[in-house]
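Taking it in order: structure first as structure tokens, then the write-up.
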Amino acid sequence: MAKTKPGKKDLDSYTIKGTNKVVRPGDCVLMRPSDSDKPPYVARVEKIEADHRNNVKVRVRWYYRPEESIGGRRQFHGAKELFLSDHYDVQSAHTIEGKCIVHTFKNYTKLENVGAEDYFCRFEYKAATGGFTPDRVAVYCKCEMPYNPDDLMVQCEGCKDWFHPSCMGMTIEEAKKLEHFLCSDCSSDVDAKRSLNAFPVSPSVETKVEPKRRKR
């Protein structure tokens, strides 16, 4: 008969050492890395438990930064972007440095001010294979890149697509001053229509129009 481990109990919460911050299952936390030069690891707490000696352990699900993934950081990855991985682990609660918030992508883009504790996640990541879910996201601009919330983009009033100022031959300062914006495709369409409207009407066209006016 297998022996059960004595005195192991689940905890509802854990207070981070030296602070008054309380961590509960479901919270996201910053965890101290073994290499002090690295930024803290980010994890979601799944479970908190204490053994008979009152040593507190946390079962966590790790978030990966883009540079920690297979394929590394890409142009469209935000500075505060994380991937929720399928990598679970058990760590000492003493390694928790603080709490953070991992927002949905949509909620992150609505933040007026991004704080040090704010992150976002739009992909789940399989650590063994390097696969992402979803494996496709919407792309924008001529460069056909997914949206990076750190980059300023301007919306075309014609096609409603979003564009990077640099891809449109503008500086960010110029883009911020714009009151109206048309992308090169939409502005060339408008120019074509303008040139047609500006073209003098020939007598033959005027005579064709006349009978229609008489029908009033």
Side-chain angles (χ1 to χ4, degrees), residues 2-134 137 146-151:
K3 286 184 181 178
T4 55
K5 291 180 180 177
K8 222 172 202 190
K9 59 179 181 180
D10 288 351
L11 301 178
D12 293 333
S13 64
Y14 168 78
T15 303
I16 300 171
K17 202 174 177 183
T19 75
N20 59 357
K21 290 181 179 174
V22 177
V23 175
R24 293 182 173 84
D27 288 347
C28 294
V29 293
L30 302 167
M31 305 195 80
R32 191 180 308 112
S34 51
D35 184 348
S36 59
D37 291 336
K38 286 187 174 180
Y41 296 126
V42 182
R44 191 170 79 189
V45 175
E46 303 290 311
K47 193 177 182 181
I48 306 170
E49 58 184 27
D51 63 17
H52 64 291
R53 292 179 182 170
N54 226 24
N55 293 319
V56 182
K57 302 262 186 186
V58 284
R59 177 171 163 78
V60 298
R61 186 176 179 184
W62 293 115
Y63 283 97
Y64 279 42
R65 287 185 168 82
E67 51 269 27
E68 295 163 346
S69 68
I70 297 169
R73 180 173 284 280
R74 296 181 61 190
Q75 184 185 336
F76 64 87
H77 290 142
K80 304 300 289 291
E81 183 157 7
L82 302 170
F83 311 140
L84 182 61
S85 78
D86 56 355
H87 179 186
Y88 292 84
D89 211 347
V90 176
Q91 295 282 316
S92 166
H94 289 313
T95 59
I96 298 176
E97 291 185 338
K99 292 176 72 174
C100 62
I101 304 165
V102 181
H103 300 270
T104 63
F105 182 62
K106 190 175 181 181
N107 287 349
Y108 182 84
T109 59
K110 291 177 181 175
L111 292 178
E112 285 188 19
N113 296 301
V114 177
E117 73 285 357
D118 290 311
Y119 296 87
F120 74 90
C121 176
R122 58 178 153 178
F123 297 107
E124 288 195 16
Y125 176 68
K126 286 187 168 57
T129 62
F132 288 96
T133 307
V137 289
Y147 177 44
N148 180 343
D150 300 333
D151 292 343

Q) Considering residues at least two apart in sequence or located in another chain, which fulfil the side chain to side chain contact (heavy atoms under 4.5 Å, CB included) criterion with Ile70? A)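 By the side chain to side chain contact (heavy atoms under 4.5 Å, CB included) rule, Ile70 matches Tyr125.
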
Glu124 meets the side chain to side chain contact (heavy atoms under 4.5 Å, CB included) criterion, sequence neighbours left out, with Arg61, Leu84, Thr133

Less than 4.5 Å apart, any side-chain heavy atom of [X] and any of [Y]?
X	Y	value
Pro134	Phe123	yes
Arg24	Ser13	yes
Ser92	Asn55	no

Hey, which of Phe76, Phe120, Tyr119 is the one that makes ring-ring contact (aromatic ring centres under 6.0 Å, His included) with Phe105?
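One option only clears the test, and that one is Phe120.
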
(message) Checking Phe83 against His77 for the side chain to side chain contact (heavy atoms under 4.5 Å, CB included) test, could you report, in this order, the C-alpha distance in whole Å, the side-chain angles of both residues, the deciding distance, and whether it holds?
(response) CA-CA 10 Å; Phe83 311 140; His77 290 142; 3.6 Å; yes

How about [X]: does its [atom1] atom have over 12 heavy atoms from other parts shown lying under 6.0 Å from it?
X	atom1	result
Glu67	CD	yes
Asp12	CG	no
Arg74	CZ	no

With no hydrogens and no angle check, is any side-chain donor or acceptor of [X] less than 3.5 Å from a backbone partner on [Y]?
X	Y	answer
Asp10	Glu49	no
Arg32	His94	yes
Asp89	Trp62	no

By side-chain hydrogen bond (donor to acceptor under 3.5 Å, both in side chains), Asp151 pairs with (sequence neighbours left out) none

Determine all donor-acceptor pairs shorter than 3.5 Å in which one atom belongs to a side chain in residues 38-45; sequence neighbours excluded.
from: Arg44; atom 1: NE; to: Glu46; atom 2: OE2; distance (Å): 3.1

How long is the gap from [atom1] on [X] to [atom2] on [Y], to the nearest 0.5 Å?
X	Y	atom1	atom2	answer
Asp51	Lys8	CG	NZ	7.5 Å
Lys57	Thr95	NZ	OG1	9.0 Å
Arg122	His103	CZ	NE2	15.0 Å

Practice task
Taking only Lys NZ, Arg NE, NH1 and NH2, and the carboxylate oxygens of Asp or Glu, determine whether Glu117 and Lys99 approach each other closer than 4.0 Å.
Solution key: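 Salt bridge: no.
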
Looking only at heavy atoms, the pair that brings Ala79 and Asp150 closest together is N-OD2, 2.5 Å

Kindly give the heavy-atom pair with the smallest separation between Gly78 and Asn148, and that separation in Å.
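So the two residues come closest at CA-OD1, 3.4 Å.
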
Side-chain polar contacts of residues 106-115 - donor-acceptor pairs under 3.5 angstrom, sequence neighbours left out - could you list them?
from: Asn107; atom 1: ND2; to: Thr104; atom 2: OG1; distance (Å): 3.4
from: Thr109; atom 1: OG1; to: Lys106; atom 2: O; distance (Å): 2.7

ask   = Would Val23 and Lys21 satisfy side chain to side chain contact (heavy atoms under 4.5 Å, CB included), going step by step from the backbone distance to the final call?
value = CA-CA 7 Å; Val23 175; Lys21 290 181 179 174; 5.8 Å; no

Report task. Would you please name every residue forming a salt bridge (charged side-chain N to carboxylate O under 4.0 Å, His left out) with Glu68, sequence neighbours left out? Result ->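 Glu68 satisfies salt bridge (charged side-chain N to carboxylate O under 4.0 Å, His left out) with no other residue.
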
